[in-house]
J.: 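Before we start, here is the structure in question, set down as structure tokens.
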Amino acid sequence: AGDVAFDLQVAGRHNVKNALAAVACALAAGVEPQHIAAGLSAFAPVQGRSRAMRMVWQGKPISLVDDSYNANPDSVRAAIDLLRELPAPRVLVLGDVMLDRYYYGDVKRISPEAPVPVALINDEKTTLGGAANVALNLFHLGCQTKLVGVIGQDENADRLRQRMQETGMDTDGLLVDPARPTTTKLRVIGGHQQMLRLDFENSAAIAKKTERKIKACLDELLADGLDCLIISDYAKGVCTKSLCQYLIQRADEQGDRKSV
């Protein structure tokens with residue numbers, strides 16, 4: 001409850017709507033309604049916020065806190081039920097897809113070959129990075145997420161696809177360019193200290209042929225209807241000026257919300 005209260009206070013410092021968004025995030029994270037209620041009670045005792053923490057949905061007034069700044073778990077549950085009734089937003093993420101790999105080990109000696117530490121690896125982890133991580137977070141928040149990006153024809157591409165499939169994400173928007181490696185960051189951790197990072201990437205602009213394939217994919221997704229478009233640019237070559245301009249123009253035509 002204390003953590004939720006702190007999150008709500010930080011989120012709502014400038015905007016009460018952000019506090020309501022924090023309620024949705026807490027719900028997505030599996031926080032119990034009574035803990036969310038406790039957080040709202042801690043957040044509300046600021047002038048005007050008691051009145052602000054009320055909402056109307058389909059003609060029904062929902063009060064998250066009363067005039068004494070007490071949050072009733074029942075009212076929070078009612079608000080949560082309304083949040084659950086909202087249709088999942090359809091979000092398109094276009095950008096630089098990456099794979100983050102980690103090797104963990106212990107360092108107890110220096111190499112006889114060179115004055116560098118030797119890490120005895122005992123664990124490894126693979127996670128989604130870049131635009132793929134943005135899409136993953138949206139997916140976990142309940143959005144209908146479509147990810148469009150470029151990968152290579154290599155083992156890291158297979159790992160990235162597998163990681164997305166394990167989480168239940170759609171991989172149809174991953175376009176393969178055999179001339180490019182799958183952007184990958186490999187980190188070696190000795191104890192609690194990062195010792196080395198290896199980057200596998202080609203940050204040059206994607207080929208025009210690949211750009212045309214992306215545009216065709218975007219046109220198909222836009223035709224199906226979207227609520228929001230996110231361009232996630234890490235300067236790895238996918239988000240070219242012409243591609244971004246094309247996508248923003250197409251989104252403007254359909255009235256879709258955009259974020260870069």
J.: What residues, two or more places apart in sequence or in another chain, satisfy side-chain hydrogen bond (donor to acceptor under 3.5 Å, both in side chains) together with Glu124?
T.: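 Result, side-chain hydrogen bond (donor to acceptor under 3.5 Å, both in side chains) vs Glu124: none returned.
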J.: Please evaluate residues Thr182 and Phe200 with respect to the criterion side-chain contact (heavy atoms from CB on, under 4.5 Å), reporting the C-alpha separation (whole Å), side-chain torsions for both, the decisive distance (0.1 Å), and the verdict.
T.: CA-CA 7 Å; Thr182 301; Phe200 305 85; over 6 Å; no
J.: Any chance the side chains of Glu201 and Thr184 put a donor and an acceptor closer than 3.5 Å?
T.: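 Short answer, no.
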J.: Ignoring hydrogens and angles, write down the donor-acceptor pairs under 3.5 Å from the side chains of residues 87-96, residues two or more places apart or on other chains.
T.:
from	atom 1	to	atom 2	distance (Å)
Arg90	NE	Asp227	OD2	3.3
Arg90	NH2	Asp227	OD1	3.3
Asp96	OD1	Val238	N	3.2
Asp96	OD2	Tyr234	N	2.7
Asp96	OD2	Ala235	N	3.3
Asp96	OD2	Lys236	N	3.3

J.: Same cluster for Leu196 and Ile121 if Ile/Leu/Val/Met/Phe/Trp/Tyr side chains link at under 4.5 Å?
T.: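 Yes, one cluster joins them.
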J.: Working to the nearest 0.5 Å, report the span between CG of Leu229 and CD1 of Ile248.
T.: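 Going from CG on Leu229 over to CD1 on Ile248, the span is 7.5 Å.
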J.: Would you call Thr183 and Leu99 a side-chain contact if the rule is heavy atoms closer than 4.5 Å?
T.: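 Not touching, per the 4.5 Å side-chain cut-off.
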J.: Exactly one of Arg187, Arg197, Lys185 should register a salt bridge (charged side-chain N to carboxylate O under 4.0 Å, His left out) with Asp100. Which one does?
T.: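 Result: among Arg187, Arg197, Lys185, Arg187 is the only option passing the salt bridge (charged side-chain N to carboxylate O under 4.0 Å, His left out) with Asp100.
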J.: Are Tyr104 and Lys125 side-chain neighbours, meaning at least one heavy-atom pair lies under 4.5 Å?
T.: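 Tyr104 vs Lys125: side chains touch.
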J.: Please tabulate, for the side chains in residues 159-176, all donor-acceptor contacts under 3.5 angstrom to protein atoms that are two or more places apart in sequence or on a different chain.
T.:
from	atom 1	to	atom 2	distance (Å)
Arg159	NH1	Asn156	OD1	2.8
Arg161	NH1	Asp158	OD1	3.4
Gln162	NE2	Glu166	OE2	3.3
Arg163	NE	Thr126	O	3.2
Arg163	NH1	Glu166	OE1	3.3
Thr167	OG1	Met164	O	2.7
Asp170	OD1	Asp172	N	2.9
Asp170	OD2	Lys146	NZ	2.7

J.: Would you say Tyr246 and Asp219 are linked by a side-chain donor-acceptor pair, where the criterion is simply a distance under 3.5 Å?
T.: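 Looking only at side-chain atoms, Tyr246 and Asp219 do form a donor-acceptor pair, the distance falling under 3.5 Å.
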J.: Would one find more than 12 heavy atoms of other residues, nucleotides or ligands at under 6.0 Å from atom CD of Glu220?
T.: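 No, because the 6.0 Å sphere around CD of Glu220 holds 12 heavy atoms or fewer from other groups.
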J.: Measure the shortest side-chain to side-chain distance between Leu243 and Ile214 over non-hydrogen atoms and say whether it is less than 4.5 angstrom.
T.: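 Side chain of Leu243 against side chain of Ile214, heavy atoms only: contact under 4.5 Å found.
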J.: Can you measure from OH (Tyr102) to OG1 (Thr127) and round to the nearest 0.5 angstrom?
T.: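 Going from the OH atom of Tyr102 to the OG1 atom of Thr127 covers 4.5 Å.
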